[in-house]
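First the structure, in the form of structure tokens, and then the observations on it.
One-based numbering along the sequence shown. Given the structure is predicted, the values throughout are model-derived calculations rather than measurements.
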Amino acid sequence: MSTTELPYAADAQVSLSYDELEVLRIQYEKELSQAHVTVQTKFNYAWGLVKSPMREHQVEGVRLLQELYRAEPTRRRECLYYLALGHYKMGNYEEAKRFNALLLEKESTNLQAQSLAQLIDKGIAREGYIGMALAGGAAALGTILLATLVRRATRK
């Protein structure tokens, strides 16, 4: 499969239905109970979990992908992308950026990874704006408290 056939990162925001994820879970658990999970089954289940809107699913999907990444060199490219996506969806933007950068080092023209890089950068910027707003709010509150204390002290 060429990189141009892969979905852009924005498409990955679409979750599987409960029934679709359940099919993957049942297959994974069936193979797990037989003490032999195929690489494809494990990857499919991890992929479905990462796409889930539920954080605990995303965490488990990332864990499974990390296991695959270590054990299956032939699946590393796919694992890198979905590891980056999973961390992005969980708000772990620095980890997402790290995994996505590894993929872009190997495939600089990968449109899917380029698209994800833009989403990660937007997430980092949004997180920065929230931090600045919180710091600004704390500074304003501190100024109000200090002004109140000074006003009380001058009244006495």
Side-chain angles (χ1 to χ4, degrees), residues 1-139 141:
M1 177 182 284
S2 76
T3 57
T4 56
E5 293 174 11
L6 297 171
Y8 286 106
D11 295 337
Q13 295 297 334
V14 177
S15 301
L16 299 181
S17 72
Y18 174 82
D19 291 338
E20 290 168 324
L21 185 56
E22 190 65 8
V23 167
L24 298 175
R25 185 190 65 76
I26 289 168
Q27 181 63 33
Y28 176 76
E29 288 181 356
K30 176 184 170 196
E31 290 182 18
L32 195 59
S33 72
Q34 297 169 350
H36 178 72
V37 179
T38 66
V39 171
Q40 190 62 50
T41 295
K42 190 172 191 175
F43 179 83
N44 289 348
Y45 184 48
W47 167 80
L49 289 169
V50 163
K51 290 177 60 91
S52 171
M54 297 176 61
R55 185 174 175 83
E56 58 269 18
H57 287 172
Q58 296 163 2
V59 169
E60 179 65 8
V62 164
R63 186 188 68 73
L64 292 172
L65 287 166
Q66 286 171 330
E67 288 176 6
L68 281 170
Y69 182 83
R70 285 187 211 102
E72 300 295 332
T74 60
R75 299 305 291 261
R76 285 193 175 148
R77 189 206 67 76
E78 291 167 293
C79 287
L80 280 174
Y81 175 75
Y82 285 104
L83 282 165
L85 181 66
H87 281 289
Y88 165 76
K89 289 182 74 171
M90 292 186 294
N92 302 335
Y93 300 123
E94 292 304 320
E95 282 295 298
K97 190 170 191 150
R98 187 172 65 86
F99 283 113
N100 203 51
L102 286 171
L103 178 55
L104 285 169
E105 278 178 24
K106 298 173 189 295
E107 298 181 14
S108 61
T109 60
N110 184 318
L111 298 176
Q112 193 178 22
Q114 290 172 5
S115 176
L116 182 56
Q118 291 172 354
L119 289 175
I120 293 167
D121 289 342
K122 286 178 186 174
I124 291 170
R126 185 173 51 248
E127 195 173 69
Y129 295 141
I130 291 169
M132 286 189 297
L134 290 173
L141 183 61

**Fill in**
Heavy-atom nearest pair, Ser52 first then His57, reads OG-ND1, 2.9 Å
**Message:** Side chains of Val39 and Arg75, heavy atoms from C-beta outward: is any pair under 4.5 Å?
**Reply:** yes
**Complete:** For Tyr93 and Ile120 the tightest heavy-atom approach is O-CG2, 3.7 Å
**Item:** Lys/Arg-Asp/Glu bridge criterion (N-O < 4.0 Å) met for Lys42, Glu67
**Value:** yes
**Asked** Atom CG in Leu119, atom CD1 in Ile124: separation rounded to 0.5 Å?
**Response** 11.5 Å
**Residues Lys97, Glu94: salt bridge by 4.0 Å N-O rule** = no
**With Leu64, the side chain to side chain contact (heavy atoms under 4.5 Å, CB included) member among Phe43, Tyr28, Tyr69** = Tyr28
**Asked** Shortest non-hydrogen contact from Leu16 to Lys51?
**Response** CD2-CE, 4.3 Å
**Request:** Measure the spacing between CE of Met54 and CG of Leu49 and express it to the nearest 0.5 Å.
**Result:** 10.0 Å
**Qualifying residues under side-chain hydrogen bond (donor to acceptor under 3.5 Å, both in side chains), relative to Ser17, sequence neighbours excluded** = Glu20
**Message:** How close do Asn100 and Ala84 get, counting heavy atoms only, and between which atoms?
**Reply:** N-CB, 3.7 Å
**Request:** To the nearest 0.5 Å, tell me how far Leu85 CG sits from Leu80 CG.
**Result:** 12.5 Å
**Message:** Do Arg77 and Lys106 have side chains that approach each other closer than 4.5 Å (heavy atoms only, starting at C-beta)?
**Reply:** no
**Complete:** When every non-hydrogen atom of Ala71 is compared with those of Pro73, the smallest separation belongs to O-CD, 3.5 Å
**Request:** Measure from the side-chain N and O atoms of Glu31 to the backbone N and O of Thr38, and report whether any donor-acceptor pair falls under 3.5 Å.
**Result:** yes
**Message:** So if I apply the side chain to side chain contact (heavy atoms under 4.5 Å, CB included) rule between Val59 and each of Arg55, Glu56, Arg63, which one comes out positive?
**Reply:** Arg55
**Request:** Return the orientation label for the Trp47 and Tyr82 ring planes: parallel under 30°, perpendicular over 60°, tilted otherwise.
**Result:** perpendicular
**Asked** Could you give all pairs that pass the ring pair (Phe, Tyr, Trp, His ring centres under 6.0 Å) test and reach residues 97-121, with sequence neighbours left out?
**Response** His87-Phe99
**Message:** To the closest 0.5 Å, what do you measure between CD1 (Ile26) and OG1 (Thr41)?
**Reply:** 13.0 Å
**Item:** Val62 vs Glu95, side-chain contact (heavy atoms from CB on, under 4.5 Å): CA-CA, chis, key distance, verdict
**Value:** CA-CA 11 Å; Val62 164; Glu95 282 295 298; over 6 Å; no
**Request:** Give the minimum heavy-atom separation between Cys79 and Leu68, together with the two atoms involved.
**Result:** SG-CB, 3.7 Å
**Request:** Answer yes or no: is there a side-chain heavy-atom contact under 4.5 Å between Leu103 and Leu116?
**Result:** no
**Prompt:** Atom CG in Leu65, atom CZ in Arg76: separation rounded to 0.5 Å?
**Reply:** 13.0 Å
**With sequence neighbours excluded, residues passing side-chain hydrogen bond (donor to acceptor under 3.5 Å, both in side chains) with Arg25** = Glu22, Glu29
